[in-house]
Amino acid sequence: MSSDDDVIRRRLLIDGDGGGDERRLNALMKLFIKWCNSPEADNSTHQRMLSFLAQSEFAMMKSSFVYEMNTKQMDKYQCLQEEIDKNVALAHEEIEKCKKELEEARLVRKNRQQYDALAGVVLKHPDRRKTEGQINELDEELKDLQASELQLIEKLDLRKKQFHALLTSIHQLQSVLKEEEEQENQEGVVVDEVAMETSESNG
Amino acid sequence: MEQRHLLHCTVYSSAVSACGEFLAVGNNFGDVSVLDFNLKSLSSSKPKLINCFSAHNGPVYALLGINNTLISAGLGPVLIWNWKDIVSFDPKPVHKLEACGPKASITCLCYDKKHGLLFAGIEDSSIMIWDLSNLSCCKKLTGHTQYIHDICLLSDSLASASEDGLVKIWDTHNNKCTKTIKPSNWNELKRPSLGSWIGCVASDSSTEWIVLGGGPAPALWHTRSTSMALPLNSSNEAQSFIPFTLHFYGDEIVGGGNDSMLHRWTSNGEQKAAVPCAISNIFSINFASENSLPAILTGTGHKIQLFTNLGYEGPCISL
């Protein structure tokens, strides 16, 4: 019947130690009854009853201690769990922070590497000071050459003018000589004409 | 796809949708395959193939995902599709952009968000520019003598790498070539046995640095002064490493080429890692969204490999 099952179930669930406690209590009850019924004061029975009582009390105290211990253990585990959860959350945050740092570091590394590459390219070109020096030298050379060019041009001009002066004086001399020649020719003609006239008048 | 097709499949390009849900890959048969690609559940489930449709008559060399459209380019006109359409069966392109003659195909695409311009490098050595707001063709940049392998957007300019060994930097406002770089002229880089062609060009976010690779050894260049900064070193026996695709990712340079390894270099050219992967020749590396993993590698073979961490291989998806 169900009540039997219930009883059996209850008995099986609740009876921790099993037969020990139950037997002891039953024995205690029997002893007590025997002791009450016995006519003379029975010390041994009394002692035995007391010992049974003590044993039962001892069992009870043990189970109550175990119960306390279990609750304390549970509390401790609860605390531990909370701490661990907190640490997990903290670790998550750390991970996020580290991820961000990693990204930044990657970017920095990429920039550094590109900088290195660019530096390599730049180094392949000659030094700036050297090229500037070369540029300055070339500039000076250019200036010198320009100055000498100007000088030569001036000289050329001067020579041209001198030649011009020479040529004009030659032309002038030529024209003077020509005029004198013409004059002489004219005078000769006049003298001839006069001579002819006189000869005509004489003759 | 049929078994026969799988054996001969080469995946040239890939693109991820803006919402990050879908991955489209283009292969040499002209098909575009769309995969369901949920970033968060990559570890638990592999992406699945949703749809595979025929886009072009020739190989699809370039795919680009812009806003809610997918732009595919290969033989024939440039096609613009809606992502919504291509996840269902038998989609039709929303727009078509006529490019060039029927013989030449487009090898690379690049999009300028600021001005809404689409740049495409074509096999006939010219670069076409379209204005996507009114779908009209703006200009054509000519200057290269052989076909263009790769183009890359810089601030206000465009870098193009071509088979003729030159990398030209064009000003996108007045469409003139401002600078020309010929890497095979540098003694440290030139590899006469491999030629002088330049296969890939990429720039970093500040566009001060570009990496070039191809016949000459891959190297880091400074754009403004067009001077070579450093060669990208590889391990000893890889004097024959040819990168087919290069990218700047975070603080490192990532590249894939003909030795079936994903190479990583630091920003000053030292080799950081060479991760072996399942694809023998890597033709394209794409990142899920501007700068976030996983990385998607495609190349010869019908497999697409995902790298959720650039340090080791990830799952392989078969088309």
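What you see is a predicted model; the values in this text were computed from it and never measured. Per chain, numbering begins at 1; letters A, B, ... match sequence-line order.
Using modelled atom types and a 3.5 Å distance limit, the side chains of Asn286(B) and Ser14(B) yield a donor-acceptor pair. Judged by distance alone, the side chains of Ser160(B) and His144(B) do bring a donor and an acceptor atom under 3.5 Å apart. Side-chain contact annotation: Trp221(B) with Ser227(B), donor-acceptor N/O pair under 3.5 Å absent. Defined by atom type and a distance below 3.5 Å, a donor-acceptor pair is present between the side-chain atoms of Thr298(B) and Ser284(B).
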Donor-acceptor pairs under 3.5 Å, side chain of residues 57-81 of chain A to any protein atom, not counting sequence neighbours: which ones?
from, atom 1, to, atom 2, distance (Å)
Ser63(A), OG, Ala59(A), O, 3.2
Ser63(A), OG, Met60(A), O, 2.9
Ser64(A), OG, Met61(A), O, 2.9
Thr71(A), OG1, Tyr67(A), O, 3.2
Thr71(A), OG1, Glu68(A), O, 2.6

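For residues 91-112 of chain A, the pairs satisfying salt bridge (charged side-chain N to carboxylate O under 4.0 Å, His left out) are Glu94(A)-Lys97(A), Glu103(A)-Arg106(A), Arg109(A)-Asp251(B), with sequence neighbours left out.
Contact detail for Asp156(B) and Asp171(B): the closest heavy-atom pair is O-OD1, 3.7 Å. Minimum interatomic distance between Ile151(B) and Leu109(B) (heavy atoms only, all atoms of both residues): CD1-C, 4.2 Å.
Within residues 140-169 of chain A, no residue has any heavy atom less than 4.5 Å from a heavy atom of chain B. Proximity to chain A at a heavy-atom threshold of 4.5 Å picks out Asp204(B), Ser205(B), Trp209(B) from residues 197-211 of chain B, in numerical order.
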So Phe52(A) and Leu25(A), side chain to side chain contact (heavy atoms under 4.5 Å, CB included) or not? Walk me through it.
CA-CA 8 Å; Phe52(A) 273 148; Leu25(A) 287 174; over 6 Å; no

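Annotation: maximal heavy-atom pairing with chain B below 4.5 Å, among Asn111(A), Asp116(A), Val121(A), occurs at Val121(A).
Taking the six-membered ring where tryptophan is involved, the planes of His247(B) and Phe287(B) are perpendicular, since the angle between them exceeds 60° and thus also 30°.
Residue contact with chain B, scored on non-hydrogen atoms closer than 4.5 Å, is absent for Leu107(A).
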